[in-house]
Amino acid sequence: MASAGIGRRVEGIHAVAAALAAGRVTRLHVEDRRRRLLGDLLADAAAAGIPTDVVDDVGAIAESSTPQGLVADCRPLPTVDLDHFAAEDRPAVLVVDHVQDPHNLGAIARSALAAGMTGLVAPAERAAPFSAVAFKAAAGALERLPVAVVHSVADALARLSDRGLWVVGLDAGSGTSLFGLDLLTEPVAVVVGAEGSGLGRLVGDRCDVVVGIPMAGPTESLNASVAAALAAFEVQRVRRPGG
């Protein structure tokens with residue numbers, strides 16, 4: 001079952017502009033000192049009949065520390081069921097295993113869309129929410145990227161596997177390289193572990209193969225959003241004609 005939706009409040013210029021373009025914004029809150037800078041966006045909102053509250057400071061209702069003077073109340077963005085991905089011709093899905101930082105979650109969504117991944121799967125509990133902070137970091141990507149919110153990542157991987165997707169886990173300790181992995185040309189779900197702890201045991205057990213990102217330096221592991229970006233663009237590279 002798909003969740004009730006995400007993104008009921010967004011903030012920051014890019015995120016709000018994307019929600020406005022998607023027709024989801026129901027009310028704007030804007031700082032008086034920012035109105036001249038946001039003139040075009042506010043004009044679009046006015047043309048769409050969206051009410052705007054002018055305030056001295058949006059900090060009292062903002063979730064992030066840098067809302068850029070702009071917060072929007074929105075209709076929720078529908079999420080999808082896992083079957084949405086299975087119905088695609090050659091799905092390539094990023095799955096996040098309890099990533100905790102909403103900035104990372106938003107950055108992962110942004111990279112997934114930029115690399116042409118067909119969707120994102122994230123857990124509903126014990127993980128970063130799809131909050132205004134995540135939407136701001138995503139800079140509009142979550143308006144366009146299909147998202148499935150699940151109760152169990154391990155169960156979701158089992159369902160995706162049953163529907164013909166190969167499951168590839170990322171783990172810094174693996175001796176098998178992500179780069180040039182032929183499996184990425186197939187229907188695939190690439191799993192990114194939580195910051196610090198990596199893949200959970202049950203999630204790791206659901207993976208058909210666990211791969212790592214080779215590094216020349218002494219760094220033990222990469223930030224979750226960086227690892228996800230490298231994986232997403234490697235999927236794009238190997239699927240490109242002549243890649």
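All of these numbers come straight from a predicted model, not from anything done at the bench.
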Start with the C-alpha distance between Val150 and Asp155, add both sets of side-chain angles, then the distance that settles side chain to side chain contact (heavy atoms under 4.5 Å, CB included), and finish with yes or no.
CA-CA 9 Å; Val150 298; Asp155 288 349; over 6 Å; no
In short, Leu28 meets Ala72 closest at the heavy-atom pair CD2-CB, 3.6 Å
Stepwise, does the side chain to side chain contact (heavy atoms under 4.5 Å, CB included) test hold for Thr52 with Arg27?
CA-CA 6 Å; Thr52 298; Arg27 180 175 291 273; over 6 Å; no
What distance do Leu178 atom CG and Asp171 atom CG have between them, rounded to the nearest 0.5 Å?
12.5 Å
Between Gly7 and Val10, what is the shortest heavy-atom contact and its length?
O-CG1, 4.1 Å
Distance check, rounded to the nearest 0.5 Å: Met117 atom CE versus Ile108 atom CD1?
11.0 Å
Within the side chain of Thr66, is there an N or O that forms a donor-acceptor pair under 3.5 Å with the backbone of Gln68?
no
Criterion salt bridge (Lys or Arg N to Asp or Glu O under 4.0 Å) on Arg201 and Asp205, from CA distance to verdict:
CA-CA 6 Å; Arg201 182 182 61 81; Asp205 288 346; 3.6 Å; yes
Which heavy-atom pair separates Cys74 from Ala19 by the least distance, and what is that distance?
SG-CB, 4.1 Å
Above 12 or not: heavy atoms from other molecules or residues under 6.0 Å from CZ of Arg144?
no
Apart from Leu202 itself, which Ile, Leu, Val, Met, Phe, Trp or Tyr residues share its cluster (side-chain heavy atoms under 4.5 Å, direct or through members)?
none
Salt bridge (Lys or Arg N to Asp or Glu O under 4.0 Å) pairs, two or more places apart, involving residues 130-143:
Arg24-Glu143
Can you list, pair by pair, the side-chain donor-acceptor contacts under 3.5 Å of residues 181-193, counting residues two or more places apart and other chains?
residue: Thr185; atom: OG1; partner: Asp182; partner atom: O; Å: 2.7

Look up atom CZ in Arg110 and atom CZ in Phe135, then write down how far apart they are to the nearest 0.5 Å.
14.5 Å
Is a side-chain N or O of Arg206 found less than 3.5 angstrom from the main chain of Ala154, in a donor-acceptor match?
yes
Who else is in Val58's hydrophobic cluster (ILVMFWY, side-chain heavy atoms under 4.5 Å, direct or via others)?
Val55, Ile61, Val71
So do the side chains of Arg237 and Arg239 get within less than 4.5 Å of each other, counting heavy atoms only?
no
Which heavy atom of Leu120 sits nearest a heavy atom of Ala109, and at what distance?
CD2-CB, 4.1 Å
Hey, what do you get for CZ (Arg159) to CZ (Arg163), rounding to the nearest 0.5 Å?
4.5 Å
Is there a chain of hydrophobic side chains (I, L, V, M, F, W, Y, each step under 4.5 Å between heavy atoms) that links Val147 to Val235?
yes
Pro91 and Leu165, any side-chain heavy atoms less than 4.5 Å apart
yes
Going by heavy atoms in the side chains, are Phe130 and Leu77 under 4.5 Å from each other?
no
Do Ser111 side-chain atoms and Ala107 backbone N/O form a donor-acceptor pair below 3.5 Å?
yes
Can you tell if the side chain of Trp166 reaches within under 4.5 Å of the side chain of Val209, non-hydrogen atoms only?
no
Looking at side-chain heavy atoms only, is the closest gap between Val168 and Asp208 below 4.5 Å?
no
Does Val99 share a hydrophobic cluster with Val226, counting links as ILVMFWY side-chain heavy atoms below 4.5 Å and allowing steps through other members?
yes
Give the minimum heavy-atom separation between Ser174 and Gly212, together with the two atoms involved.
CB-N, 3.6 Å
Can you tell me how far the CG atom of Leu94 sits from the CG atom of Leu145, to the nearest 0.5 Å?
8.5 Å
Sorted by first residue and then second, give each salt bridge (Lys or Arg N to Asp or Glu O under 4.0 Å) pair with at least one member in residues 5-21; sequence neighbours left out.
Arg9-Asp73
Same cluster or not: Val54 versus Val25, using hydrophobic residues (I, L, V, M, F, W, Y) connected whenever any side-chain heavy atoms lie under 4.5 Å apart?
yes
Can you tell me if His84 has over 12 outside heavy atoms packed within less than 6.0 Å of its NE2?
yes
Could you measure the distance from the OG1 atom of Thr118 to the CG atom of Leu113? Nearest 0.5 Å is fine.
11.0 Å
Looking at Arg126, is its backbone amide N or carbonyl O close enough to the side chain of Gln100 to form a donor-acceptor pair, meaning the two atoms are under 3.5 Å apart?
yes
Minimum heavy-atom separation for Phe85 and Gly119, please, with both atom names.
CE2-CA, 3.5 Å
For His29 and Leu70: C-alpha separation, side-chain torsions, deciding distance, then whether side chain to side chain contact (heavy atoms under 4.5 Å, CB included) applies.
CA-CA 6 Å; His29 310 268; Leu70 186 64; over 6 Å; no
Of Val203, Val121, Val96, Leu199, the residue whose pairing with Val153 passes side chain to side chain contact (heavy atoms under 4.5 Å, CB included):
Val203
Distance-only check: which donor-acceptor pairs under 3.5 Å involve side-chain atoms of residues 35-50, not counting sequence neighbours?
residue: Arg35; atom: NE; partner: Asp32; partner atom: OD1; Å: 2.9
residue: Arg35; atom: NH2; partner: Asp32; partner atom: OD1; Å: 2.7

Could you check Asp53 against Val30 for side chain to side chain contact (heavy atoms under 4.5 Å, CB included), going step by step and ending with a plain yes or no?
CA-CA 6 Å; Asp53 298 331; Val30 60; over 6 Å; no
